[in-house]
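Lettering follows sequence order; numbering is per chain, from 1.
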There are 2 protein chains.
Amino acid sequence: MPPGRRERKKAATRQKIADTALRLFLEHGYDAVGIRDVANEADVAVTTVFSHFAAKEALVFEQDQDFERRLTGAVTGRAPGEPLLPGLRRETHALVRHCTGSGAAPIWRMIDASPALREYEDSMRLRHAESLAAAIAADPGLSQTATAARALARFVIDAYSVAREADDPEAAVDEIFHMIEAAWEVAGAAPGPRGAVPADGR
Amino acid sequence: MPPGRRERKKAATRQKIADTALRLFLEHGYDAVGIRDVANEADVAVTTVFSHFAAKEALVFEQDQDFERRLTGAVTGRAPGEPLLPGLRRETHALVRHCTGSGAAPIWRMIDASPALREYEDSMRLRHAESLAAAIAADPGLSQTATAARALARFVIDAYSVAREADDPEAAVDEIFHMIEAAWEVAGAAPGPRGAVPADGR
DNA sequence: GAACGTAACACTAACGGTTAGGGTTTAACA
DNA sequence: TGTTAAACCCTAACCGTTAGTGTTACGTTC
């Protein structure tokens, strides 16, 4: 797909590093594999690893940008006048299903076993919540406060996070989104600085 | 107050380390001060610092256990039949007021300037959310699902976190808690595995 | 198509948080 | 008073991460 040979080589190097890292991590455990091991096995220099990935933990969450894009896309890519939450609920369902699928099980077992990886995922989720809040706040069809937008974004991310660990993840998504819909309905009503009337500036 | 001399000396050492660290951090910046600097200035060994604090970042959030105790206390320490959310809202107000007070301003400025500190605070909040969820789930007067309890706990922590950064923090607490109350009212109603019993104690 | 600019990568060496190992003091208690 | 163990010290490392400095080879331009 990418036209230049340079970009293709770069992508190949990145992919080789990520694949090698994940394989070594799953074989010997995340903590038992050092960055120098990954670099040697992938036949690159240590500095090259860090030019592709910001930190060791990022090797595990290689495709987290898809996550973010899909969530914000559920906000920005909907038809005018269409309500916000059904699309977010649908996307959350898809993400939870993807994470609890059988193929991802060993990876998540590894993540749950490593405090560093869990912490990294936590702050990753908060970044996603920020992006989602920005997308919600930028929607011209919504009249809620910036505070309500940020709160809603956090709630949605929470839904994903809590549901992923629940006994019945799919049911948990629905359960939490039921709560979120109630919260979103009253947002901007009584105690916000903004009036409940749409299209009101400031 | 603590009876033993040993415990008093230990507490004094811990306090001396924390005070020294905070002073150096505020004087020269968090990144510019190393653990070895803190240890030298406090006249202890580096290993002693880490026997009192799990990580460098923990030196800044010295009294985070109070935070957790106050939140869970708002759940466990209320009169029987008393509703859950007013107490949590009151406590969140107090915490936000405490964090946005003028005395804490330089500390929060330092935290906001350091990615490591921000990330540490993020995962700290999640720990608190877990404790809060456990306290809520353990309350015999509540009939909600474990999933709903975890979601509510996250929402409350979110309220604190979002409100702390809002233009008008106090108003933001009320705004978000308005949303949370709506969410909590419908929790356990339609799609939960547990019965929709609206319950005894109001 | 030769020359140039630069992006990607390599190598070395270090920095800083963190921990293991092993030893010393001293409070607590029988 | 003697014993135990907690708190502390010191040294030496480990490991993630980065700065500094070249080197290669792709893309571009004349």
- Item | Within residues 50-67 of chain A, residues whose heavy atoms come under 4.0 Å of DNA chain D | A:Phe50, A:Ala55, A:Lys56

- Taking DNA chain D as the partner, which of residues 30-39 of chain B come within under 4.0 angstrom of it by heavy atom? B:Arg36

- Apply the test side-chain contact (heavy atoms from CB on, under 4.5 Å) to residues B:Leu84 and B:Leu152: give CA-CA distance (whole Å), side-chain angles for both, the deciding distance (0.1 Å), then the verdict. CA-CA 11 Å; B:Leu84 187 62; B:Leu152 180 71; 3.6 Å; yes

- Closest heavy-atom contact between A:Ala183 and A:Phe155? CB-CE1, 4.4 Å

- Message: For A:Met124 and A:Glu57: C-alpha separation, side-chain torsions, deciding distance, then whether side-chain contact (heavy atoms from CB on, under 4.5 Å) applies.
- Response: CA-CA 11 Å; A:Met124 210 178 65; A:Glu57 297 91 42; over 6 Å; no

- Task: Give the ring-plane orientation class for B:His128 versus B:Phe67, where under 30° counts as parallel, over 60° as perpendicular and anything between as tilted.
- Result: parallel

- Just say parallel, tilted or perpendicular for the rings of B:Tyr120 and B:Phe61, cut-offs at 30° and 60°. parallel

- Note on the structure: Nucleotide by nucleotide, nucleotides 21-30 of chain C touches protein heavy atoms under 4.0 Å in the pattern (B base, S sugar-phosphate only, - none) -----BBS--

- Among all residues two or more places apart in sequence or in another chain, which pass the salt bridge (charged side-chain N to carboxylate O under 4.0 Å, His left out) test with B:Glu121? B:Arg125, B:Arg164

- Taking 4.0 angstrom as the limit, do A:Asp158 and B:Arg150 come out as a salt bridge? no

- Message: A side-chain contact here means heavy atoms from C-beta on lying under 4.5 Å apart; do B:Leu59 and B:Ile35 qualify?
- Response: yes

- Can you tell if the side chain of A:Arg118 reaches within under 4.5 Å of the side chain of B:Leu126, non-hydrogen atoms only? no

- Task: For B:Val44, answer base if it contacts any base atom (sugar-phosphate contacts may also be present), sugar-phosphate if it contacts only those atoms, and nothing otherwise; contact means non-hydrogen atoms under 4.0 Å.
- Result: sugar-phosphate

- Min and max contacting nt of DNA chain D in 5' to 3' order, chain B heavy atoms within under 4.0 angstrom, are D:dA5 to D:dA13

- Query: For the atom pair CZ (B:Arg8) and OG1 (B:Thr13), what is the distance rounded to the nearest 0.5 Å?
  - Reply: 12.0 Å

- Note on the structure: Contacts satisfying salt bridge (charged side-chain N to carboxylate O under 4.0 Å, His left out) that involve residues 66-88 of chain A (not counting sequence neighbours) are A:Asp66-A:Arg69, A:Arg70-A:Glu91, A:Arg78-A:Asp139

- Query: On the ring face of B:Tyr30, is B:Lys56 found with NZ or CZ under 6.0 Å from the centre and within 45° of the axis?
  - Reply: yes

